Novice: 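Once you've had a glance at the structure underneath, I'll fire off some questions.
In this chain, numbering begins with 1 at the start of the sequence shown. None of the values given here were measured: they were computed from a predicted structure.
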Amino acid sequence: MKIAIASHVHPTAVGGIAAYQRELVAGLQSFSRINGESLSVQQLQMNLNGNSAALKRSRLVSQFASRGPLLRLADSLSRVMHHHPSWTLAVNTADVLHFIGTGSEITGHPLWREAREAEVPFTVWPALHPENCAEEAFDLQLYQEAEAVFCQSDHERELLISRGVAASRLIRCGLPPMCHPNGTGTRLRSKLGIGMRPVVLFVGRRDEGKGYPALLEAWPLVLRQCPDAVLLLAGPGDADESRLAQISPENVRDLGCPSEQDKADAYAACDVFCLPSACESFGIVYVEAWSYGKPVICGTAPASRELVEHGVTGVWADQQPQQLSHSLLRLLMHPDQRHRIGLAGLRHQLMNFTTEQMVGGHLKAWKITAPKY
């Protein structure tokens, strides 16, 4: 089977879309070696990542597309703006074309047309936050035309069904941990000078949707009962100096945007992982924390609460500082409970979220949609 994979994000970039591409391609190559099945992968790149002008133009077109009468015009513009002659040969020699992205980049639409003209099945991994689908009309048009759409949660699947995407085309497929598996907690603890103190880790964008401000406001409340605790912060965005000023430098360490090794070390070093997010398409960071046997605290995002079982593999919290601090203290102050929940999370990850399962789900869908298979 020849698989063409296309995305506006380069696979070497930082972030979930790039990590998914790397994991999927490596998993397919490993499957081919182990099972002796002939699989080849060609990656098509649109090079929009980092090109702010091109992204701005694309998003303007997709915003026009949200107005029904302009949808057809936006579809035509997308092909003029993002058609590459090299795509034609790649698509014509493929058995399936898999697109990673949403309508807002408008690159999926010309690719879908290439696939339709070549009579090649077209599948999509949406990279979608269900609660924040701004360019809905353009997105939905693409999903409705695809032979298969990979959903990361039942919440996402049910939402797309309610918006008119055929249930038969929607495939539930979770993701494996995409962090390095060889993190060393003692290395990071020594580097930061925190010894054996209790540690809570946040990895994500530093914005309200991810619960970053709420966590900073909750942390002084945690320190009243656990004064030695350290909060590790990692991810892009504004550090929020005004809120950080309310916390002693002894009780917080900012990792910035860490390397993959430092991120793995942080997972290994923490006692609790906390991302009280209100918007998630899945929550790969919870799966990554579980892979290190750590208990997690998730927010109110429906996909996260579908993923994390309250009191079993993690703890639910909202973004109210008092309630969030209570959830943090529940785990920080009770090591036995923390250990039990962390091990349950690890078992859940090993049973349900592995590279083998992700690759198997993709191959099953592709073989169903590709006529010769």
Side-chain angles (χ1 to χ4, degrees), residues 16 19 23 27 152-153 174-192 194-204 210-211 215 222 226 228-235 253 255 258-277 280 282-299 301 303-317 324 326-358:
E23 193 71 22
Q152 297 174 72
S153 67
L175 299 174
M178 297 180 186
C179 57
H180 287 183
N182 60 342
T184 303
T186 54
R187 176 167 50 207
L188 187 67
R189 283 177 173 268
S190 176
K191 178 180 176 181
L192 299 176
I194 56 178
M196 298 304 295
R197 294 165 62 184
V199 171
V200 172
L201 173 65
F202 170 96
V203 176
K210 295 292 185 181
L215 179 56
V222 171
C226 193
D228 289 337
V230 177
L231 179 61
L232 296 186
L233 303 172
R253 300 289 191 277
L255 304 178
S259 67
E260 287 299 315
Q261 185 59 63
D262 283 344
K263 185 174 75 169
D265 288 349
Y267 281 129
C270 75
D271 296 295
V272 177
F273 178 82
C274 180
L275 184 77
S277 181
E280 290 291 339
F282 177 62
I284 187 62
V285 286
Y286 305 121
V287 175
E288 291 178 343
W290 282 336
S291 74
Y292 280 92
K294 308 299 180 173
V296 304
I297 296 177
C298 74
S304 299
R305 294 199 168 184
E306 177 186 322
L307 178 66
V308 178
E309 186 175 357
H310 182 57
V312 179
T313 59
V315 175
W316 294 355
L324 181 54
H326 175 77
S327 296
L328 287 161
L329 287 166
R330 170 180 173 177
L331 294 175
L332 286 173
M333 304 295 285
H334 299 91
D336 290 345
Q337 184 176 154
R338 190 169 68 227
H339 182 68
R340 172 180 59 79
I341 292 176
L343 285 181
L346 175 59
R347 287 193 295 268
H348 186 51
Q349 180 264 306
L350 292 173
M351 290 178 63
N352 299 286
F353 303 107
T354 65
T355 299
E356 291 76 15
Q357 288 171 313
M358 179 185 72

Novice: Output the distance between atom SG (C270) and atom NZ (K294), rounded to the nearest 0.5 Å.
Specialist: 5.0 Å

Novice: May I ask you to decide if the ring planes of Y292 and Y267 are parallel, tilted or perpendicular, using 30° and 60° as cut-offs?
Specialist: parallel

Novice: Going by an N to O cut-off under 4.0 Å, is there a salt bridge joining D265 and K191?
Specialist: no

Novice: Could you check if a side-chain atom of L231 sits within less than 4.5 angstrom of a side-chain atom of L215, using non-hydrogen atoms only?
Specialist: yes

Novice: Hey, could you give me the CD1/CD distance between I284 and E23, rounded to the nearest 0.5 Å?
Specialist: 8.0 Å

Novice: Atom OG in S291, atom CE in M178: separation rounded to 0.5 Å?
Specialist: 12.0 Å

Novice: Got a sec: does the NE2 of H310 have more than 12 other heavy atoms crowding it under 6.0 Å?
Specialist: yes

Novice: For E280 and A303, which heavy atoms make the closest approach, and how far apart are they?
Specialist: O-CB, 3.4 Å

Novice: Tell me if a side-chain donor or acceptor on W316 pairs with a main-chain N or O of S327 at a distance below 3.5 Å.
Specialist: no

Novice: So, taking the atom named CE in M196 and the one named OG1 in T186, what distance separates them when rounded to the nearest 0.5 Å?
Specialist: 9.0 Å

Novice: Can you find a pair of side-chain heavy atoms, one from D336 and one from R340, that are under 4.5 Å apart?
Specialist: no

Novice: With the threshold set at 4.0 Å, does a side-chain nitrogen-carboxylate oxygen contact exist between D262 and R253?
Specialist: no

Novice: Are L307 and C298 side-chain neighbours, meaning at least one heavy-atom pair lies under 4.5 Å?
Specialist: no

Novice: Which atom pair, heavy atoms only, marks the closest approach of R197 to D228?
Specialist: NE-O, 2.8 Å

Novice: So Y286 and Q349, side chain to side chain contact (heavy atoms under 4.5 Å, CB included) or not? Walk me through it.
Specialist: CA-CA 9 Å; Y286 305 121; Q349 180 264 306; over 6 Å; no

Novice: Taking all atoms of both residues into account, what is the closest heavy-atom pair of V308 and G314, and its distance?
Specialist: CG1-CA, 3.6 Å

Novice: Determine whether a donor-acceptor pair (N or O, by modelled atom type, separation under 3.5 Å) exists between the side chain of H334 and the backbone of R330.
Specialist: yes

Novice: Taking the side chain as every heavy atom from C-beta outward, state whether E288 and K263 have any pair of such atoms under 4.5 Å apart.
Specialist: yes

Novice: What are the two closest non-hydrogen atoms of F353 and V287, and how far apart are they?
Specialist: CB-CG1, 3.9 Å

Novice: Would you say the side chain of L332 lies within less than 4.5 Å of the side chain of V272, judging by non-hydrogen atoms?
Specialist: yes

Novice: Hey, could you give me the CD1/CG distance between I341 and L346, rounded to the nearest 0.5 Å?
Specialist: 14.0 Å

Novice: Does any non-hydrogen side-chain atom of V230 lie less than 4.5 Å from one of L192?
Specialist: no

Novice: Quick check: closest heavy atoms across I297 and A317, and the distance to 0.1 Å?
Specialist: CG2-CB, 3.8 Å

Novice: Go through F202 and L275 one step at a time and tell me if the side chain to side chain contact (heavy atoms under 4.5 Å, CB included) criterion holds.
Specialist: CA-CA 6 Å; F202 170 96; L275 184 77; 3.4 Å; yes

Novice: So which atom in A269 and which in V199 form the shortest heavy-atom distance, rounded to 0.1 Å?
Specialist: O-CB, 4.2 Å

